[in-house]
Number of protein chains: 2
Amino acid sequence: MTLEGLDELDKKIIHELQTDARHTSSGTIADAADVSASTVRNRIQRLEQQGLISGYHADVEYESAGYQLYTLIICTAPVPRREELAEAALEVPGVVRVTEVMTGEENVHVSVVGADGDDLSRIGRDLDELGLEVADEDLIRNEHVDAFDGFDADCEDRS
Amino acid sequence: MTLEGLDELDKKIIHELQTDARHTSSGTIADAADVSASTVRNRIQRLEQQGLISGYHADVEYESAGYQLYTLIICTAPVPRREELAEAALEVPGVVRVTEVMTGEENVHVSVVGADGDDLSRIGRDLDELGLEVADEDLIRNEHVDAFDGFDADCEDRS
DNA sequence: TATGAAAGGTTGAACCC
DNA sequence: GGGTTCAACCTTTCATA
């Protein structure tokens with residue numbers, strides 16, 4: 001079954017780019033899928049234009065870079081302003097991700113990077129000044145990411 | 001000031017790769033930094049080997065791909081088993097990110113992708129069977145990511 | 001560690017089916 | 001839609017300082 005017009009080739013492309021966006025060439029995917037490299041290039045271009053792939057980025061280990069305080073700040077926003085505040089939070093220096101959740105009090109989760117307590121104090125203050133109430137603040141011990149297996153053709157069966 | 005031996009060139013490289021890991025060539029960075037392309041390539045290789053850059057991946061808009069249920073599942077793990085369970089959770093089909101937080105009851109945050117309620121039920125059951133107690137479950141309305149500005153040479157001043 | 005040069009792979013664009 | 005061609009670009013490898 002294809003979702004939203006995504007066929008197996010699209011899914012394979014997404015899966016490969018999710019796994020390694022920089023060292024995977026169109027030709028490699030093309031060989032594995034038995035199509036030409038330009039077909040893969042056309043598909044990638046389409047996926048980017050449709051916004052299905054919204055970007056590519058390097059995963060950085062902040063601790064190794066000397067930023068010991070990779071931290072999750074959980075905030076509460078008034079629902080009508082949630083989206084606006086989430087976007088504003090992204091502009092605060094040190095903020096690397098903002099997740100808006102639908103329900104509950106703690107509806108904006110902000111991931112931030114800091115080198116010391118002063119950084120965190122400033123970020124907390126900045127968020128507060130925007131109108132985000134800081135409900136909780138926790139050091140992130142570890143973060144693991146993985147490509148979504150739903151796009152992996154070799155892993156279709158899910159109980 | 002350089003952190004952990006990272007100089008301005010390293011930081012610039014990381015920033016560029018965080019912004020667009022696929023369409024940024026060594027040559028482009030080299031021109032902007034007034035060094036040779038080979039130097040940039042050597043640095044990138046070093047950053048990858050040191051584990052400072054741990055990977056590159058495509059950002060996928062799951063909703064556009066037909067997976068309407070991009071969801072945050074907040075779990076509680078016994079502290080001694082937290083890391084082990086977090087890694088195990090990553091293997092559950094549909095799980096795309098696991099964040100371990102240091103303190104508090106809700107110390108494992110799991111981001112999952114599902115097409116329907118059945119997917120979510122299964123994922124919840126799988127996490128539970130691992131030994132992760134599901135404390136809360138929330139639809140993710142939106143997720144914004146941004147490159148860390150601490151690596152951006154044009155943005156060093158932070159109040 | 002930074003640089004430069006040559007060979008081979010990769011990309012994007014225009015074009016054809 | 002998919003495929004071909006080709007010029008421009010990129011990367012790899014190795015040699016050099």
Side-chain angles (χ1 to χ4, degrees), chain A residues 1-61 64-66 147 150-154 156, chain B residues 1-61 64-66 147 151-154:
Chain A
M1 171 50 192
T2 63
L3 288 155
E4 297 282 317
L6 288 187
D7 66 7
E8 289 305 315
L9 178 55
D10 291 319
K11 289 160 79 174
K12 186 165 197 81
I13 289 169
I14 293 173
H15 187 257
E16 295 295 326
L17 293 179
Q18 244 184 345
T19 304
D20 187 343
R22 192 169 170 84
H23 303 129
T24 308
S25 73
S26 302
T28 311
I29 302 173
D31 289 347
D34 261 314
V35 292
S36 80
S38 64
T39 299
V40 173
R41 269 180 253 124
N42 290 337
R43 293 295 191 100
I44 292 175
Q45 198 170 16
R46 204 197 68 205
L47 291 168
E48 291 174 353
Q49 281 166 356
Q50 290 177 336
L52 226 134
I53 293 176
S54 57
Y56 306 93
H57 60 77
D59 275 328
V60 176
E61 299 298 315
S64 308
F151 295 126
D152 186 357
D154 303 333
E156 287 291 279
Chain B
M1 171 53 191
T2 62
L3 290 154
E4 298 281 316
L6 290 185
D7 66 9
E8 288 307 314
L9 178 55
D10 291 318
K11 288 159 81 173
K12 186 167 197 79
I13 289 169
I14 293 174
H15 188 258
E16 295 295 325
L17 293 179
Q18 243 184 344
T19 304
D20 188 343
R22 191 169 170 85
H23 302 129
T24 307
S25 72
S26 301
T28 312
I29 303 172
D31 289 347
D34 261 316
V35 293
S36 80
S38 314
T39 300
V40 173
R41 262 178 250 118
N42 289 337
R43 292 292 192 102
I44 292 175
Q45 198 169 13
R46 204 198 68 206
L47 292 168
E48 291 173 353
Q49 281 167 354
Q50 290 177 335
L52 226 134
I53 294 176
S54 58
Y56 304 93
H57 61 76
D59 276 328
V60 175
E61 299 298 315
S64 308
F151 294 126
D152 187 358
D154 304 332

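Numbered from 1 within each chain, the chains take letters A, B, ... in sequence-line order.
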Could you state the atom-to-atom distance from [atom1] of [X] to [atom2] of [N] in whole Å?
X     : N      : atom1 : atom2 : result
B/H23 : D/dT11 : NE2   : C1'   : 16 Å
B/Q49 : C/dT1  : CD    : P     : 11 Å
A/I44 : D/dG1  : CD1   : P     : 16 Å
A/I29 : C/dT10 : CD1   : C1'   : 12 Å
A/D31 : C/dG9  : CG    : P     : 12 Å
A/R46 : D/dG1  : CZ    : P     : 6 Å
B/D20 : C/dT11 : CG    : C1'   : 14 Å
B/R43 : D/dT12 : CZ    : P     : 18 Å

Given [options], the nucleotide with the shortest approach to the side chain of [X]:
X     : options               : value
A/N42 : D/dT12, D/dG3, C/dG12 : D/dG3
A/Q45 : D/dT11, D/dG1, C/dA13 : C/dA13
A/V35 : D/dT11, C/dA2, D/dG3  : D/dG3

Does C/dT3 have OP1 or OP2 under 4.0 Å away from a side-chain N or O of B/S36? yes
Phosphate OP1/OP2 of D/dC10: any B/S26 side-chain N/O under 4.0 Å: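 For B/S26, the contact criterion (side-chain N or O under 4.0 Å from OP1 or OP2 of D/dC10) is not met.
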Pick the closest DNA chain C nucleotide for A/S25 and for B/S38 by heavy atoms, then say which residue is nearer the 5' end. B/S38
So if I take the C1' atoms of five pairs at each end of the helix from C/dT1-D/dA17 to C/dC17-D/dG1 and get each local axis, what angle do the two axes make, rounded to 10 degrees?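 It comes to 30° between the two terminal axes.
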Hey, does the side chain of B/T24 reach the backbone of B/D20 with a donor-acceptor pair shorter than 3.5 angstrom? yes
Here the pair of heavy atoms bringing B/R22 nearest to A/A21 is NH1-O, 2.8 Å
So which heavy atom on A/T19 is nearest to which on A/A147, and how close? OG1-CB, 3.9 Å
Taking atom [atom1] of [X] and atom [atom2] of [Y], what is their separation to the nearest 0.5 Å?
X     : Y     : atom1 : atom2 : value
B/D10 : B/H15 : CG    : NE2   : 14.5 Å
A/L47 : A/S54 : CG    : OG    : 11.5 Å
B/K12 : B/E8  : NZ    : CD    : 9.0 Å

On DNA chain D, does the nearest nucleotide to A/R22 precede the nearest nucleotide to A/R41 from the 5' side, or the other way round? Give the residue.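 The residue whose closest nucleotide sits nearer the 5' end is A/R41.
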Taking the six-membered ring for Trp, are B/Y56 and A/H57 ring centroids under 6.0 Å apart? no
